[in-house]
Amino acid sequence: QVQLVESGGGLVQPGGSLRLSCAASGNSFSIAAMAWYRQAPGKQRELVAIIINGGSINYVESVKGRFTISRDNAKNTVYLQMTSLKPEDTAVYYCGVTIMPTGAQYWGQGTQVTVSS
């Protein structure tokens, strides 16, 4: 029922910033959580940041202090503001949404973030 559309990826130099967006649309859904994942070449997919419906936020340790997840409830859109980017942040970034009460998860199409000089 839910469609996710991501945008905002691109090429940036180390120390630069990017802002990712993910908009959710569909009929009569309720969001339990929205999150950002990433998968770097040769690496496992990891959870980067998650925001729960009640407002609780968690980040993977490697991005704390540099990334900020936020949500616009009126637009059903989640953002990931990334600052002080490092080459090791290079990955395909995917947004994911968990729907209640079923707990079903939906994925965005992915957006490439490349941090390089």
Hey, what do you get for [atom1] ([X]) to [atom2] ([Y]), rounding to the nearest 0.5 Å?
X: S62; Y: E88; atom1: OG; atom2: CD; answer: 8.5 Å
X: I51; Y: S56; atom1: CD1; atom2: OG; answer: 8.5 Å
X: T83; Y: R19; atom1: OG1; atom2: CZ; answer: 12.0 Å
X: L85; Y: S17; atom1: CG; atom2: OG; answer: 6.0 Å

Is there a side chain to side chain contact (heavy atoms under 4.5 Å, CB included) between L20 and M82? Walk through the geometry before answering. CA-CA 8 Å; L20 307 183; M82 304 184 293; 3.8 Å; yes
Can you classify the ring geometry of Y94 versus W107 as parallel (below 30°), tilted (30 to 60°) or perpendicular (above 60°)?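 Judged by the thresholds at 30° and 60°, the geometry between Y94 and W107 is perpendicular.
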Please report the closest heavy-atom contact between [X] and [Y], naming both atoms and the distance.
X: E6; Y: W36; answer: OE1-CZ3, 3.6 Å
X: A49; Y: Y59; answer: CB-CD2, 3.5 Å
X: Q112; Y: A91; answer: NE2-O, 3.4 Å
X: E61; Y: K64; answer: OE2-NZ, 2.5 Å

For the pair Q3 and Y106, evaluate side chain to side chain contact (heavy atoms under 4.5 Å, CB included) and give the outcome as yes or no after the intermediate values. CA-CA 7 Å; Q3 300 289 114; Y106 297 85; over 6 Å; no
Test of understanding: clusters of I, L, V, M, F, W, Y form through side-chain heavy atoms closer than 4.5 Å, transitively. Do [X] and [Y] belong to the same one?
X: V113; Y: L4; value: yes
X: I57; Y: F67; value: yes
X: Y37; Y: I99; value: no

Is the backbone of K75 close enough, under 3.5 Å, to the side chain of T77 for a donor and an acceptor to pair up by distance?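 Answer holds: yes.
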[Y] side chain reached by [X] side chain, heavy atoms, under 4.5 Å:
X: D89; Y: R66; answer: yes
X: M34; Y: N53; answer: no
X: D72; Y: Y79; answer: yes
X: I50; Y: I52; answer: yes
X: V12; Y: T114; answer: no
X: V60; Y: L47; answer: no
X: V63; Y: R38; answer: yes
X: T98; Y: I31; answer: no

Could you check T111 against V92 for side chain to side chain contact (heavy atoms under 4.5 Å, CB included), going step by step and ending with a plain yes or no? CA-CA 5 Å; T111 184; V92 178; over 6 Å; no
Members besides V5 in its Ile/Leu/Val/Met/Phe/Trp/Tyr cluster (side-chain heavy atoms under 4.5 Å):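 V5 clusters with nothing; isolated.
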Please say whether more than 12 non-hydrogen atoms of neighbouring residues, nucleotides or ligands are located less than 6.0 Å from CD in Q81.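 Enclosed: over 12 neighbouring heavy atoms sit under 6.0 Å from CD of Q81.
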